[in-house]
Amino acid sequence: MIHHELAELFDNMADLLEFRNENPFRVRAYRRASAQLAQLSEDVRTLDAENRLTEIPGIGQDLARKIHEYLATGTVVEIERLKQQVPPSIFLLIQVPGIGPKTAAIIAERLKITSLAQLEAAAHDHQLCKLPGIQEVKEQKILKGLALVRQGQHRRTLGAALSLAQRLIEQLKALPDIRRIEIAGSLRRMKETIGDVDVLVSTAKPAAVMRQFTGGAWCRQVLASGPTKTSILTTDGMQVDLRAVKPEEFGAAWVYLTGSKDHNVRLRERAIRLGLKLNEYGLFRAASGRRVAGREEADVYKALGLDWIPPEIREDSGELDAAADHTLPRLIEAKDIRGDFHVHTNQSDGSNTLQELADAARRRGYEYLAITDHSQSLKIAHGLSEAAMTAQLARIAEANSTLRGLTLLSGAEVDILKDGRMDYPDRILKQLDVVIGSVHSGFNQPEATITNRILSAMRNRYVTFIAHPTGRLHGQREPYAVNLPAVFEGARETQTALEINASPTRLDLEASAARQAVAAGARIVLSTDTHRLDHLDHMTLGLGLARRAWLEPKDVLNCLRRDELLAWIQQKRNRP
DNA sequence: GCCGTTTTCGGCCCGACTGTTTTCAGTCG
């Protein structure tokens, strides 16, 4: 999406300025603008058209003009001109851990390097340590950094990082000197992708904990290690940063280590205005240095005049103002979820029987579960013929006659065909409680075509929600070209919900898009797209995304009671 | 380059670790 392009453009601009040794605050302004654009919860074209770009925090007159220029022409002259004046290799070089703008400048200017392979060759030939400010140790460090880039080029998906981190935490908990241990960083904020895992411990013996951490079986390589802070690469190839503090510092440290960076900056600026100083050790009076708070997160926020802010929304996107005004949203929680809407049985491409899925859903305390196998055209997933779907309906009805405490909703994940028609006729669809519309074909169609397919599906009165609205698969497939603002508007108009698909490689809609959808008046469905029993657990990821999107129970269909839900679905079917 | 319960100009968060240095710049988060 276009706001991601702008985010990258401004991040590049920040790199360029840093490389040229320009005013660091100007660099920061571009970085902050980039972060804001990446998570923009409104359509940037609309904001531009309505002259409201400067409403985005960190966007002033100048950056608004550059955004406008980019939207109008596809480029920003000033940035392009600056790019001409620096060696193109700097964008490559600063990707390498240990190489920042200063080192990149020296390497790029003295050796005419144009690729990471050349950088590696130069390091092996000991060309780097002939440069000023670089000795052999630094050269070796760059080689290690290069190896890291090669291994972990892609950020991990939230689901993968979460399970690896939880396993590691279980092992660390067994260490003798750890009093308390918690996940922090982007993982705690439930970002869609995770670069490294941050872990915070409280201990009276930090040095001992650091020794145990680097000496454990999980440690493949120590990247940096000091008395209170250590970074390692685990045997899974994941970078983990461990920070140790005293119990009375834990809350302040947890705030600091959870971030986001911009959220922290806002907190610290606020502290200064209040005559206080905030760091990872606590909140202090600026004048006397006397400690005001630090043991618990809530104490720190409270002393700053703020309600405690849930980690998922600590992104400098309005949460501080809301916390000061006591208007933070009551974010959706696991206990609000009454059911799952997107589940495949072994009749199509799932692994489990109807009964197994029903039992698992009941054990989770769900009130309802929609059974949604694939439709006939999706041969690769054994989509059900009309006859097979009719038989499936009978099985669901039969299962419901014996089930207690859980209702199975009959449903289907129905392909939206290349021409926009649904893959079952209405006489089938009308028999289903829940109809999912999905794009599984024609991914390369132009934006207008795909958007119209989805809009025409939404106009079908039997379609309850649109699954994975962008089709993106992390690390495998780019999103198809779709006009999301038009889809959001269509969703509102036709009373069709939109899915946050919690499957780890999908996470689609992403959080900023979901926030935009709800702002446009659409309802959201959280679903796991389960193909195997344990996939039901992915609801955790969907919840994380929903919380990042500031969603409250009223925004999400899963929070409705069964009768409320069916009434909501019926409402659309009854529309003129 | 942004921004204002102190400001339309003059500020702008804070600290750990590393390597190259003999007191600190660079990098990272």
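Below, chains carry the letters A, B, ... as their sequence lines are ordered, and counting in each starts from 1. Scope of the values below: all heavy atoms of this structure, side chains included, with no hydrogens, waters or symmetry mates.
Atom CZ of A/R180 sits in a crowded spot, with more than 12 heavy atoms from other residues, nucleotides or ligands closer than 6.0 Å. The neighbour count for A/Q476 CD, taken as heavy atoms of other residues, nucleotides or ligands under 6.0 Å away, is above 12.
The shortest distance between the side-chain N/O atoms of A/R270 and the OP1/OP2 oxygens of B/dC13 is not below 4.0 Å. Listed pair A/N279 / B/dG15 meets the phosphate criterion, a side-chain N or O lying under 4.0 Å from OP1 or OP2.
Residues A/L37 and A/L9 are not in side-chain contact: their nearest non-hydrogen atoms beyond the backbone lie 4.5 Å or more apart. Annotation: side chain of A/D241 is not in contact with side chain of A/L223 (no heavy-atom distance under 4.5 Å).
Here A/L267 lies out of heavy-atom contact (under 4.0 Å) with every strand. Residue-level contact check: A/S231 touches neither bases nor backbone, having no heavy atom under 4.0 Å from any strand. Using a 4.0 Å heavy-atom cutoff across all strands shown, A/N264 reaches no nucleic acid atom at all.
A gap of 31 Å separates the P atoms of B/dA16 and B/dT5, to the nearest Å. Taking atom P on both B/dG19 and B/dC12, the two are 31 Å apart, rounded to the nearest angstrom. Between B/dT6 and B/dC17, the two C1' atoms lie 37 Å apart (nearest whole Å). B/dC28 and B/dT22 are spaced 24 Å apart, taking the C1' atom of each and rounding to whole Å. Remark: the separation of the P atoms in B/dC14 and B/dT21 is 30 Å, to the nearest Å. With C1' as the reference atom, B/dT18 and B/dT23 are 15 Å apart, rounded to whole Å. Taking the C1' atom of each, B/dT8 and B/dG1 are spaced 14 Å apart, rounded to whole Å.
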Task: Reading 5' to 3' through nucleotides 21-29 of chain B, protein heavy-atom contacts under 4.0 Å coded B for base, S for sugar-phosphate only, - for none - done: S----SSSB
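Comparing B/dT20, B/dG1, B/dA16 by their closest approach to the side chain of A/T228 singles out B/dA16. Comparing atom distances between the A/K277 side chain and each of B/dT20, B/dG15, B/dG1 picks out B/dG15 as nearest.
The pair A/D336-A/R330 counts as a salt bridge, with a side-chain nitrogen and a carboxylate oxygen less than 4.0 angstrom apart. Remark: A/E315 engages A/R548 in a salt bridge, criterion side-chain N to carboxylate O under 4.0 Å. A salt bridge does not link A/E280 with A/K229: none of the charged nitrogens is closer than 4.0 Å to a carboxylate oxygen. Contact check on A/D508 versus A/R472 returns no salt bridge, with no Lys/Arg side-chain nitrogen under 4.0 Å from an Asp/Glu carboxylate oxygen.
Rounded to whole Å, the distance from OH on A/Y30 to C1' on B/dC12 is 17 Å. Here the P atom of nucleotide B/dG1 and the CD atom of A/Q36 are 18 Å apart, to the nearest Å. A/F284 places its CZ atom 12 Å from the P atom of B/dC14, with the value rounded to the nearest Å. Between the CZ atom of A/R243 and the P atom of B/dG15 there is a distance of 11 Å, given to the nearest Å. Distance A/Y281 OH to B/dG15 C1': 7 Å, rounded to the nearest Å. The CD1-P distance, from A/I106 to B/dT20, rounds to 12 Å in whole Å. B/dA16 atom P lies 14 Å from atom CG of A/L200, rounded to whole Å. Taking atom CG on A/D262 and atom P on B/dC2, their separation rounds to 15 Å, with Å as the unit.
Residue pairs meeting the ring pair (Phe, Tyr, Trp, His ring centres under 6.0 Å) criterion with at least one partner in residues 20-47 of chain A, sequence neighbours excluded, are A/F10-A/Y30.
Contact between A/A104 and A/F19 at its shortest, heavy atoms only, is C-CE1, 4.1 Å.
The residue from A/E192, A/E312, A/R515 that alone fulfils the side chain to side chain contact (heavy atoms under 4.5 Å, CB included) condition with A/L545 is A/E192.
Nucleotide B/dT8 is matched to nothing when pairs are restricted to Watson-Crick or G-U wobble geometry with both distances under 3.5 angstrom.
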Identify all pairs in which a protein N or O lies below 3.5 Å from an N or O of nucleotides 3-7 of chain B, and state each distance.
from  : atom 1 : to    : atom 2 : distance (Å)
B/dC3 : OP1    : A/G58 : N      : 2.9

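For A/I134 and A/V265, each mapped to the nucleotide of DNA chain B holding its nearest heavy atom, the one lying further toward the 5' end belongs to A/V265.
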